[in-house]
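As structure tokens, the structure follows; a few thoughts come after it.
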Amino acid sequence: MPASRTIIVAGAGIGGLTASLALAARGFRVIVLEKTERLEEAGAGLQLSPNASRVLIGLGLGDRLAQRAVAPDAVTVMSARSGRAVVRLPLGNAAAARAGAPYWVIHRADLQSALEAEVVAHPSIDLRLGCRFEDFASDARGITVGHRRRTERKHEQALALIGADGIWSTVRGQLFPSTQPRFSGLIAWRGTVDARALPRADLRAGVQLWMGPQAHLVVYPISGGRRINLVAIVADDWHREGWSAPGEAHEIKNRFAAAGWASSARDMIGAVESWKRWALFAMPDGGIWTAGATALLGDASHGMLPFAAQGAGMAIEDAAVLAQCLGDSHGANAAGDALSVPASLQRYAQARRARVARVQRLARQNGKIYHLTGPMALARDLAMQALGGERLLARQGWVYDWRP
Ligand SMILES: Cc1cc2nc3c(=O)[nH]c(=O)nc-3n(C[C@H](O)[C@H](O)[C@H](O)COP(=O)(O)OP(=O)(O)OC[C@H]3O[C@@H](n4cnc5c(N)ncnc54)[C@H](O)[C@@H]3O)c2cc1C
């Protein structure tokens, strides 16, 4: 297939792999450059709400994912101090039927490998592992991308370049060098436990969100319910890049000390054998996502705090909209030429910007609410109880009901 129908995607994370499938479905040839030799499991669990699962099902991943995901029956908001439920937001079959797509929790490696299997099987996608995007140059015919495998440097011609290379994006560094992620002052600790070590039925069936003083804890089943995923968020000034620094168990146990946290929460923290931690960085709201025939997608454009559980969801939505915008003017039966690619990419950014900024605000606001202390925390719990789980869930409707 000629360069005029080729799109290069830098980065084979959740966003890049989804984008390559969505673009290939619109008739493009896609080259995906991934710097790592193997797609590794970064992090552990991931929540996929209906706005994201709907896109993945539309791309043919439904059966593969359903085998590995868990559909939680509820999100239960817990009080760290009392150890009791504050409110229960019902998910399960009724909510999935209403949304027209499931709410899933899944091991990140399961999602990544399902996407990779689909990508590898697709005749129009060329996934190049161990191949690092380095730089690009544009001219009237499109883009020339420079990439490197070990010592060997090569060039590739394409219609467009999509930077799906994560929050420390090299593509963004070349396009907009002054736009940088900012450290939030918070870090995430992640660990998993064999579900048999925490034999409580409620942990296998749903998501628990524990709100405590200046910290919170999210717990849910992954790997078909065989393991429990824990994410603990605390304030800290440690802020190294990367997803996989080891964390000392005694340090996180001390942070969840008896004074503020019920024994049932501390028991779960104590059951984790090994912890990984990563500093939470976020991109400023409303940055620029596109220039000429190049566009950013996912964390590269809008890496956000994980407190709305929507970072991957927004990357997946981006992928669907990007493919739609490029497909409408340059897809299998469209007449667009290289000169009109920038306008298609502008349409993509335009279509995404306001919604993503709203989700970024929601994530920040959730973080503040979860970490309240003293009387403010009490008032929050009473307000949540008064509102009730159904209505709290309905408030997420604008996030979950999104359709491409
Ligand atoms: C604690 C925590 C919990 C989270 N929980 C959720 C959740 O429940 N639900 C949710 O939706 N989101 C969640 N997220 C957010 C989600 O993980 C990210 O938003 C998502 O992974 C972003 O995907 P991406 O494809 O944009 O970037 P990434 O997943 O970072 O992928 C980028 C890829 O690009 C590659 N790359 C980088 N540079 C180059 C280069 N120069 N050349 C080639 N390849 C390159 C990298 O190796 C990587 O494979 C969470 C995040 C955190 C920190």
Side-chain angles (χ1 to χ4, degrees), residues 7-71 101-131 133 162-167 169 171 222-224 229 243 295-303 306 309-324 326-327 402 404:
I7 310 276
I8 296 184
V9 175
I14 293 162
L17 292 174
T18 309
S20 66
L21 288 171
L23 287 163
R26 298 265 174 177
F28 292 101
R29 169 182 180 242
V30 187
I31 299 173
V32 191
L33 307 174
E34 169 56 48
K35 68 178 180 184
T36 59
E37 294 286 346
R38 196 161 75 74
L39 294 183
E40 286 177 27
E41 152 203 342
L46 203 61
Q47 303 185 51
L48 286 177
S49 49
N51 50 311
S53 67
R54 186 178 289 122
V55 173
L56 297 173
I57 291 168
L59 289 171
L61 287 142
D63 288 344
R64 250 191 242 272
L65 294 177
Q67 284 165 22
R68 300 170 194 202
V70 175
Y103 195 112
W104 277 329
V105 287
I106 188 163
H107 200 296
R108 191 183 283 265
D110 288 340
L111 173 57
Q112 191 104 341
S113 63
L115 284 165
E116 186 181 5
E118 206 72 21
V119 160
V120 167
H122 202 297
S124 305
I125 307 177
D126 177 2
L127 172 62
R128 300 187 187 171
L129 298 176
C131 198
F133 162 85
I162 307 303
D165 50 346
I167 195 153
S169 169
V171 178
I222 51 172
S223 307
N229 180 63
W243 298 73
L296 303 173
L297 174 152
D299 277 10
S301 48
H302 50 66
Q310 286 297 324
M314 290 302 113
I316 290 166
E317 287 187 10
D318 286 352
V321 175
L322 174 82
Q324 225 165 40
L326 277 172
W402 181 89

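A donor-acceptor contact shorter than 3.5 Å links the side chain of Ser53 to the backbone of Pro102. Side-chain atoms of Arg29 never come within 3.5 Å of backbone atoms of Asp126 as a donor-acceptor pair (strictly under, hydrogens ignored). Within the 3.5 Å criterion, the main-chain N or O of Ala12 finds a donor-acceptor partner in the side chain of Glu34. Remark: the backbone N or O of Gly11 is not paired with any side-chain donor or acceptor of Asp165 at under 3.5 angstrom.
Among all heavy-atom pairs drawn from Gly163 and Ala300, the shortest one is O-CB, 3.5 Å. Here the shortest heavy-atom pairing between Ile125 and Ser20 reads CD1-O, 3.5 Å. Minimum interatomic distance between Leu21 and Leu61 (heavy atoms only, all atoms of both residues): CD1-CD1, 4.1 Å. Nearest heavy atom pair, residue Gln310 against residue Ser49, reads NE2-OG, 2.7 Å. Heavy-atom minimum distance, Phe133 versus Val171: CE2-CG2, 3.5 Å. Closest heavy-atom contact between Ala114 and Arg68: N-NH1, 4.2 Å.
Atoms CG and CG, from Leu59 and Leu65 in turn, are 10.0 Å apart once rounded to the nearest 0.5 Å. Taken to the nearest 0.5 Å, the CG atom of Asp318 stands 4.5 Å off from the CG atom of Leu297. Rounding to the nearest 0.5 Å gives a distance of 4.5 Å between CZ of Arg108 and CD1 of Ile14. One finds the CZ atom of Arg54 at 11.0 Å from the CG atom of Leu56 (value rounded to the nearest 0.5 Å). Distance OG/Ser124 to CD1/Ile31: 11.5 Å, rounded to 0.5 Å. Here CD of Glu37 is found 9.5 Å from SG of Cys131. Values are rounded to the nearest 0.5 Å.
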His107/Gln112 under side chain to side chain contact (heavy atoms under 4.5 Å, CB included): CA gap, chis, key distance, verdict: CA-CA 9 Å; His107 200 296; Gln112 191 104 341; over 6 Å; no
Criterion side chain to side chain contact (heavy atoms under 4.5 Å, CB included) on Leu39 and Leu115, from CA distance to verdict: CA-CA 11 Å; Leu39 294 183; Leu115 284 165; over 6 Å; no
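Residues Leu46 and Leu111 form a side-chain contact, since some pair of their non-hydrogen atoms from C-beta on lies under 4.5 Å apart. Between Leu129 and Glu116 there is a side-chain heavy-atom pair separated by less than 4.5 Å.
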